[in-house]
Structures are given as structure tokens and as C-alpha cells.
Amino acid sequence: MRILHTSDWHLGKKLEGQSRIIEQKLFINDLEKIVREEEIELILLAGDIYDTYNPSAEAEKLFFDSIKQLSLNGKVGIVVIPGNHDNPARLNAVSHLAKDYGVIIYETAFQEIEVGKYGSLNIYKSTSGGIFIEKNEKKLYLYNLPFPSEAILNETFEDKKFNCRIKEILEEGIAHNNEEIPSVLMTHIYVAGSMGEGEVALELGGSRAIATSDLPDVNYIALGHVHKPMSFKSKNAYYCGSPLEYRITENKFDKKVFIVDISQSETIVKEVAITNYKPIKEYVVEGAEEAIQKSNELLESNEWIYLKVKLNEPLTNSAIRKIKANKNVLEIIPIINIEEKENEVTIYNELNLEEAFIEFFKEESEGLAPNDNILKLFLELLEEGEKNETN
């Protein structure tokens with residue numbers, strides 16, 4: 001069966017307050033071309049469809065339109081799992097309408113999908129978290145595990161290490177395949193590779209990790225969660241990454257989707273590059289005049305711009321206005337020389353304090369977002385500080 005693996009669309013995500021919807025629509029259009037040209041039979045969408053738990057109406061409409069568009073009105077099957085950014089109930093709200101288009105949307109772990117026809121897909125048997133798929137006289141077994149938070153799994157990990165429990169869940173899920181057909185796993189999780197003695201699970205910003213050895217031996221593993229394309233070939237496990245550059249750190253690698261040909265005897269993976277519709281660029285200039293000149297030079301460029309300005313004194317409001325006349329300049333980052341030391345200060349333009357804290361946390365933790373408890377604690381401290389100022 002010919003599969004397209006994609007993930008981490010983050011529909012509705014903004015960059016320093018700037019919408020990315022136009023770029024996301026361009027990606028969906030290009031993805032449709034790939035689906036048609038490569039004669040894709042099944043699309044695996046491995047989580048983080050939306051960027052926020054409560055997506056905008058614009059983002060939801062784009063998702064609804066996208067699954068209809070990519071399914072080619074039911075000719076291509078699509079299986080979707082929620083990631084840590086998704087609200088599973090909101091994501092699943094369209095599932096009854098999506099069935100005719102061959103779209104299957106998981107809401108929870110261990111969910112048993114109703115057997116029957118989903119567009120051109122025939123789900124002829126279903127297990128807890130798994131489906132047996134038949135299409136074009138080809139068969140495969142697909143096991144699905146949404147982002148495995150304690151809430152989704154309805155259990156805690158106080159008495160059992162996270163990675164041990166996830167390993168157990170995946171092995172049990174794959175074991176349901178008692179037929180001589182390929183097995184595929186799709187999950188939204190952080191795979192850290194070898195994590196040292198005992199392979200103790202890591203937790204970074206609320207994002208627990210598993211080792212590659214915790215993954216089962218199957219024909220292909222479609223992973224979501226990490227925005228950089230990565231592979232663990234010993235396990236046939238792949239992150240395809242996000243389709244757009246969502247942070248400046250993501251401009252160091254190409255964006256891709258994977259096309260996977262799976263048979264009982266072999267798995268062939270092909271990378272397909274995605275167009276960079278509006279790159280994120282960083283420029284370093286000397287002084288206010290050079291900053292204004294660079295901004296003017298880039299006025300017609302199709303780029304998101306971070307501008308670092310080396311200064312001996314702060315920028316004036318007039319200079320800032322002239323630089324920001326280029327609407328693609330997202331952030332002016334002054335590098336001010338004080339006592340022969342360079343201090344770099346990030347200005348979070350048009351962000352409230354909560355959004356600024358989230359972006360700061362991501363920068364300090366290599367892209368991982370703060371979990372709900374950390375964010376709640378920050379907001380409580382912020383509220384307490386505001387009360388003290390008032391008093």
C-alpha cells in the first residue's frame with residue numbers, strides 16, 4: 001500500500017502575531033498535487049493538526065476543507081490522531097461527516113473504530129486502537145496511539161515509568177495483528193533514542209520521552225511531535241516534521257513529507273521536499289541607519305524577518321517606525337554595547353505576557369512548550385506580582 005506520512009500542521013499558528021494561513025493553504029494545495037501524482041492510497045496525519053486547544057474558526061474551516069480536498073472526495077483514505085496541541089473532542093466533531101470522504105479521526109487512545117466502508121477504505125476488522133484496512137486488494141494493520149498524556153490514557157505513571165508503560169501499550173496494540181499482513185504504527189510522542197543506563201524516561205517541559213528500544217518491530221512507524229525530519233531506521237520509524245518553518249530555529253533544515261511503499265517483504269521510504277513559501281530569515285546590521293536601509297531593501301522580499309541591530313545607544317522611536325514600515329519585519333533585536341559587552345535583548349512585539357513566556361520557554365527548552373502546570377504557575381505569579389504593585 002502506498003502511504004503519505006505528514007504531521008504537525010499547526011493550523012492557525014501565528015508568528016509574532018502574523019497569520020500563516022496563506023502559507024498553510026499553499027501547503028495543502030501542494031500536498032494535493034503530491035497525492036495525485038504519487039497515486040497515494042492512504043494518508044497518515046500524526047497529530048498537532050491545530051496549534052491551540054481552541055482553534056479559530058478560520059483554522060477549523062481549513063482543516064475541514066483540507067481533508068475533503070486531500071481525500072479526493074473519498075478516493076484516498078485519511079487517518080488522523082490528535083497531538084498535544086489538539087483538543088480531541090473538537091478534532092473529532094467532524095468525524096461523522098468525514099466518514100464518506102474516507103477519513104477516520106481518533107479521539108482517544110484504545111478507541112475501537114466501527115467497521116465498514118470509509119470512502120474507498122474497507123475497515124474489515126477493528127481492535128482497541130487498531131484497524132485492519134483493505135484497499136485496492138491490499139491489506140495492512142494500523143495501530144494508533146494519540147499523544148499519550150495521563151488524561152488521554154486515563155491513568156497516572158506514579159507507580160510505573162512512562163516509557164515502560166508506553167512500550168507495553170505499543171506491544172499489546174501491535175500484537176492484535178494475527179494476520180500475515182504488514183503492521184504500521186502511528187503515534188504522537190517524543191522519541192529520544194538511547195537515554196543512557198536504564199533508559200529512564202525523560203520529561204522536558206511536560207513532554208515525556210521514550211527510547212528507540214521502546215518501539216515495536218513493525219513495517220513502518222509514523223511519528224508526530226518533532227518539527228525536524230528525523231529517522232530511526234533500525235525501527236523503520238520516521239518524523240516527517242512540520243510543513244512550515246514555525247520558529248527561526250527551523251530555517252536550518254528542509255521541510256518534507258514521506259511517501260512509504262509497504263508490503264509484507266519490504267518498506268521503501270521516499271522523501272518529498274515541501275516548498276518554503278515564506279522563509280524565516282535573520283539579518284545582522286550595524287546601527288540604526290543600516291537597519292533602516294536593510295528594511296527598505298527587503299521591502300518586497302517574501303520573507304519573515306528578524307533584524308539584529310548592533311547599537312551603541314538605544315533605537316529612537318522614529319528609527320523603529322521606519323524599520324517597521326516593512327511589515328515582514330517581525331522583531332527588532334537590539335545588541336547594545338555596554339562597557340564593551342554585548343547584551344542581546346529580545347523584544348516580543350505585539351505579544352501579551354503569557355504568549356511571551358511561552359515563546360521564551362520554547363527558546364530555552366529547544367522548542368518544547370511549557371505544560372499546563374508550568375503555565376498556570378507563571379500566571380499565578382504574574383497575578384500575585386500585579387496585586388503587590390497595586391498595593
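For clarity, every value in this text was computed on a predicted model and none was experimentally measured.
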* Asked: Tell me, which pairs form a salt bridge (Lys or Arg N to Asp or Glu O under 4.0 Å) where one or both residues lie in residues 234-243, sequence neighbours left out?
  -> Asp217-Lys235

Using modelled atom types only, decide if a donor and an acceptor are shared between the side chain of [X] and the backbone of [Y] within a distance under 3.5 Å.
X      : Y      : value
Asp48  : Asn84  : yes
Glu290 : Val285 : no
Asn177 : Tyr141 : no
Thr6   : Val257 : no

In plain terms, say whether [X] and [Y] are close enough for a salt bridge, that is, a side-chain N and a carboxylate O under 4.0 Å apart.
X      : Y      : result
Glu41  : Lys75  : no
Lys281 : Glu303 : yes
Lys138 : Glu134 : no
Glu38  : Arg2   : yes
Arg90  : Glu60  : yes
Lys256 : Glu271 : yes
Glu58  : Lys61  : no

* Could you give me the CA-CA distance, side-chain angles and deciding distance for Phe132 and His176, then say whether ring-ring contact (aromatic ring centres under 6.0 Å, His included) is met? => CA-CA 10 Å; Phe132 289 80; His176 288 302; 8.5 Å; no

* Does a side-chain heavy-atom distance below 4.5 Å link Ile3 with Ile43? -> no

* Passing candidate, side-chain contact (heavy atoms from CB on, under 4.5 Å) with Tyr143, options Val184, Ile221, Leu170, Val218 -> Leu170

* Sole residue of Met186, Gln111, His188 in side-chain contact (heavy atoms from CB on, under 4.5 Å) with Asn144 -> Met186

* How far apart are the C-alpha atoms of Lys125 and Glu179, what are their side-chain angles, what is the distance that settles it, and do they pass the salt bridge (Lys or Arg N to Asp or Glu O under 4.0 Å) test? -> CA-CA 11 Å; Lys125 189 162 60 174; Glu179 300 184 19; 3.3 Å; yes

Between [X] and [Y], does the ring centre distance come in under 6.0 Å?
X      : Y      : answer
Tyr239 : His227 : no
Phe63  : Tyr50  : yes
Phe232 : Tyr238 : no

* Using the rule that two of Ile, Leu, Val, Met, Phe, Trp, Tyr join whenever any of their side-chain heavy atoms come within less than 4.5 Å, decide whether Val35 and Val79 are in one cluster. => no

* Asked: Is Leu215 linked to Phe258 within one hydrophobic cluster, defined over Ile, Leu, Val, Met, Phe, Trp and Tyr using a side-chain heavy-atom separation of less than 4.5 Å?
  -> no

* Give a yes or no on whether Tyr101 atom OH has more than 12 heavy-atom contacts from other residues, nucleotides or ligands under 6.0 Å away. => no

* Asked: Trp304 and Glu23: side-chain donor and acceptor closer than 3.5 Å?
  -> yes

* Asked: Between Lys99 and Tyr118, is NZ or CZ placed under 6.0 angstrom from the six-membered ring centre and within 45° of the ring axis?
  -> yes

